[in-house]
Amino acid sequence: MKEILYRSTRSTEGTLKASEAILKGLADDGGLFVPVEIPKLEASVEELSKMSYQEVAYEVMKLFFSDFTEEELKNCIAKAYDSKFDTEEIAPLAEVEGAYYLELFHGATIAFKDMALSILPHLLTTSAKKNNVKNKIVILTATSGDTGKAALAGFADVEGTSIIVFYPNGGVSPIQEKQMVTQKGDNTFVVAIEGNFDQAQSGVKAIFNNKELAKEMDEAGFQFSSANSINIGRLVPQVAYYVYAYAKLYAEGKLSDGQKMNVVVPTGNFGNILAAYYAKNMGLPIDKLICASNDNKVLYDFFETGCYDKNREFILTTSPSMDILISSNLERLIYKIAGEDAVKNSELMNSLSTTGKYDITPEMKKELADFYGNYATEAETAEEIKGVYDRTGYVMDTHTAVASCVYRKYVADTKDDNVTVIASTASPFKFTRSVMNAIDPKYDSMGDFELVDELSKIGNIKVPNAIEEIRNAERRHNNFCKADEMEDIVKKFLFK
């Protein structure tokens, strides 16, 4: 099998094996690791259609992670996609009003991040063994809500690791916060920062890029890695569920071999839709990649104009995992459409860090023809939840509703009737108040867990274990810092 190597989006020199790129998380020059080439799918759609989720995941990941043995990779997959998921299919498809909602929220923390963060700890610890790493791996992560809990659950008490999660104080849902601050595990640390997600993410990147700190950590027996989607070990497992969705639709006779499907993704940090783009580049018959934004519509504006500009008001919405103005994973796409020109990409990223914006060339903009961007306002998001529930009884969360609403706009704009998969990224139980208020404002007088029970009743859905286990859980993490104190608190945890 062909070896796939990785290079930084900001460098023309040096390549790493997959395990080395997974361990580092972020390149030394601040760039993101990308495969030198995107491998082509080897299994036919017919073969894939007969496979379990775990088998499809192996068919995808073995191509990207070519320095893992079959035994190593299958072991990681088996440990990740097991009884933690509450459905045997791992990622079932729900047909609602002619579209297929790919439910990515059946894992331990009821959000799509589980799909990758269930496997990342195993990929990381396997990578450490392969590369004879003796240091303890310290996972540093900024979260806009879902990554934090999924990463904490994945790494809790995993030998040879510690995890520190930063989240914006007041910038996540009450359920998301309770999931994080009640997390067990002697190696877990959770910190609320005074600031928004972008400040948390920038703080984590600054720690990664601090060479003196890295030296100090190494001498003390630690090394940093990332659980954000900037880690290629997070991104590649996400490619698998788009391949699985296509194979399932083929198996059910909803798609014929080679027939194109569209994909709609509610987008914040751009990792989830980038995974679909990688799947398309592997040869999966995807036509349009529909990028759905909320009121923080920096990506919509980018696809419209070719100018990425984060200099705008940061809006707190009912879809907080998308409340992001710096979409880190977009850099991987920019690098690709710049003809894999690391110098050009570095120039644009430098412009973003100094002026808060950059403009791509007309030639680069032509390379974005596969993408369609649009957004849903807060009112439209609530209307989508209520409308779909009233018509069908199907309850979706706020992020999925953004995607669903944008899909309707896309069809109205284009009259495109391709079979369409909508990434359903979180359980409605994660955002009960927003979901229930959208269905009927009368619910606002109820407490958080009363709402959980009411949602279970009206949607005829069992309350997920992830919610039941925090119902009466005690708060274990009470850490707080300012955005410029993040490095200090990391040292405090590690050197105590």
N/O donor-acceptor pair under 3.5 Å between N272 side chain and T267 backbone: no

Backbone of V190 reached by a side-chain donor or acceptor of N479 within 3.5 Å: yes

Side-chain donor or acceptor of N231 paired with backbone N/O of I22 under 3.5 Å: yes

Taking every non-hydrogen atom, the tightest pair across A151 and A227: CB-CB, 4.0 Å

L235 vs L274 side-chain heavy atoms within contact, under 4.5 Å: yes

D198 side-chain N/O to I326 backbone N/O, donor-acceptor pair under 3.5 Å: yes

Heavy-atom pair of closest approach, residues V56 and A240: CG1-O, 3.9 Å

Chi angles and distances behind the ring-ring contact (aromatic ring centres under 6.0 Å, His included) call for F371, Y277: CA-CA 9 Å; F371 288 87; Y277 176 74; 5.6 Å; yes

Distance-only polar pair, side chains of S327 and N269, donor-acceptor under 3.5 Å: no

Within 6.0 angstrom of K492 NZ, more than 12 heavy atoms from elsewhere: no

Contact check, side chains of T432 and F449, non-hydrogen atoms, under 4.5 Å: no

Identify each donor-acceptor pair in which a side-chain atom of residues 391-406 lies under 3.5 Å from a protein atom, sequence neighbours left out, and give them as a table.
from: R391; atom 1: NE; to: E97; atom 2: OE2; distance (Å): 2.5
from: R391; atom 1: NH1; to: G387; atom 2: O; distance (Å): 3.3
from: R391; atom 1: NH2; to: E97; atom 2: OE1; distance (Å): 3.2
from: T392; atom 1: OG1; to: V388; atom 2: O; distance (Å): 2.6
from: T392; atom 1: OG1; to: Y394; atom 2: N; distance (Å): 3.0
from: Y394; atom 1: OH; to: E103; atom 2: OE2; distance (Å): 2.6
from: D397; atom 1: OD1; to: T400; atom 2: N; distance (Å): 3.0
from: D397; atom 1: OD1; to: T400; atom 2: OG1; distance (Å): 2.5
from: D397; atom 1: OD2; to: H399; atom 2: N; distance (Å): 2.9
from: D397; atom 1: OD2; to: H399; atom 2: ND1; distance (Å): 2.8
from: T398; atom 1: OG1; to: T318; atom 2: O; distance (Å): 2.8
from: H399; atom 1: NE2; to: S321; atom 2: N; distance (Å): 3.1
from: T400; atom 1: OG1; to: S424; atom 2: OG; distance (Å): 3.2
from: T400; atom 1: OG1; to: T425; atom 2: N; distance (Å): 3.3
from: S404; atom 1: OG; to: Y101; atom 2: OH; distance (Å): 2.7
from: S404; atom 1: OG; to: E384; atom 2: OE2; distance (Å): 2.6

Side chain to side chain contact (heavy atoms under 4.5 Å, CB included) partners for N460, two or more places apart: none

T125 backbone acceptor or donor facing K129 side chain under 3.5 Å: no

F65/F68 aromatic ring centres below 6.0 Å: yes

Side chains of Q183 and K149, donor plus acceptor under 3.5 Å: yes

Residue Y375 excluded, over 12 heavy atoms near OH under 6.0 Å: no

Closest non-hydrogen atom pair between F270 and N329, with its separation: C-CB, 3.6 Å

Any side-chain heavy-atom pair of N187 and T161 under 4.5 Å: yes

Smallest separation among heavy atoms of Q238 and F112, with atom names: NE2-CE1, 3.4 Å

Full working for salt bridge (Lys or Arg N to Asp or Glu O under 4.0 Å) between E47 and K50: CA-CA 6 Å; E47 288 168 325; K50 295 177 170 66; over 6 Å; no

Test side chain to side chain contact (heavy atoms under 4.5 Å, CB included) applied to E89 and Y53, step by step: CA-CA 6 Å; E89 308 100 304; Y53 187 86; over 6 Å; no

Donor-acceptor contact present, side-chain S49 to main-chain E46, <3.5 Å: yes

Any side-chain donor near an acceptor of the partner, Q179 and K430, under 3.5 Å: yes

Donor-acceptor contact present, side-chain K280 to main-chain D287, <3.5 Å: yes

Stepwise side chain to side chain donor-acceptor pair (under 3.5 Å) test for E474 and T182: CA-CA 6 Å; E474 61 169 318; T182 59; over 6 Å; no

Parallel, tilted or perpendicular: ring planes of Y81 versus F85, cut at 30 and 60 degrees: tilted

Between D416 and Y410, a side-chain donor and acceptor under 3.5 Å: yes

Residue pair D440 / Y389, side-chain donor-acceptor N/O under 3.5 Å: no

Validation row: H122, K79 side chains within 4.5 angstrom (heavy atoms): yes

N196 versus D323, side-chain donor and acceptor atoms under 3.5 Å: no

R332 side chain to I230 backbone, donor-acceptor under 3.5 Å: yes

Atom CG of D186: over 12 foreign heavy atoms under 6.0 Å: no

N/O donor-acceptor pair under 3.5 Å between E380 side chain and T377 backbone: yes

E378 CD to E383 CD distance, which is reported to the nearest 0.5 Å: 11.5 Å

Side-chain touch V490/L140, heavy atoms, less than 4.5 angstrom: yes

Worked verdict on S162 versus K136 for side chain to side chain contact (heavy atoms under 4.5 Å, CB included): CA-CA 7 Å; S162 283; K136 178 178 255 196; 3.5 Å; yes

Pair R471-E468, salt bridge (Lys or Arg N to Asp or Glu O under 4.0 Å): steps then yes or no: CA-CA 5 Å; R471 200 184 277 265; E468 289 295 2; 2.9 Å; yes

Derivation and outcome, salt bridge (Lys or Arg N to Asp or Glu O under 4.0 Å), residues D370 and K288: CA-CA 5 Å; D370 292 342; K288 280 290 179 189; 5.9 Å; no

F431 vs S319 side-chain heavy atoms within contact, under 4.5 Å: no

Modelled atom types, side-chain donor and acceptor of T141 and T143, under 3.5 Å: no

Heavy-atom pair of closest approach, residues M115 and P237: O-CB, 4.3 Å

Side-chain H-bond candidate by donor/acceptor type, Y300 with N294, under 3.5 Å: no

Contact check, side chains of K297 and R312, non-hydrogen atoms, under 4.5 Å: yes

Donor + acceptor pair across side chains of K113, T147 (<3.5 Å): yes

Closest contact, heavy atoms only, A276 versus V263: CB-CG1, 4.1 Å

Side chain to side chain contact (heavy atoms under 4.5 Å, CB included) assessment of L325 paired with N296: CA-CA 7 Å; L325 296 181; N296 291 292; 3.9 Å; yes

Polar side chain donor-acceptor pair, Y372 to D413, under 3.5 angstrom: yes

K24 (side chain) donor-acceptor with F224 (main chain) under 3.5 angstrom: no

Worked verdict on Y443 versus M446 for side chain to side chain contact (heavy atoms under 4.5 Å, CB included): CA-CA 6 Å; Y443 291 121; M446 290 185 174; 4.0 Å; yes

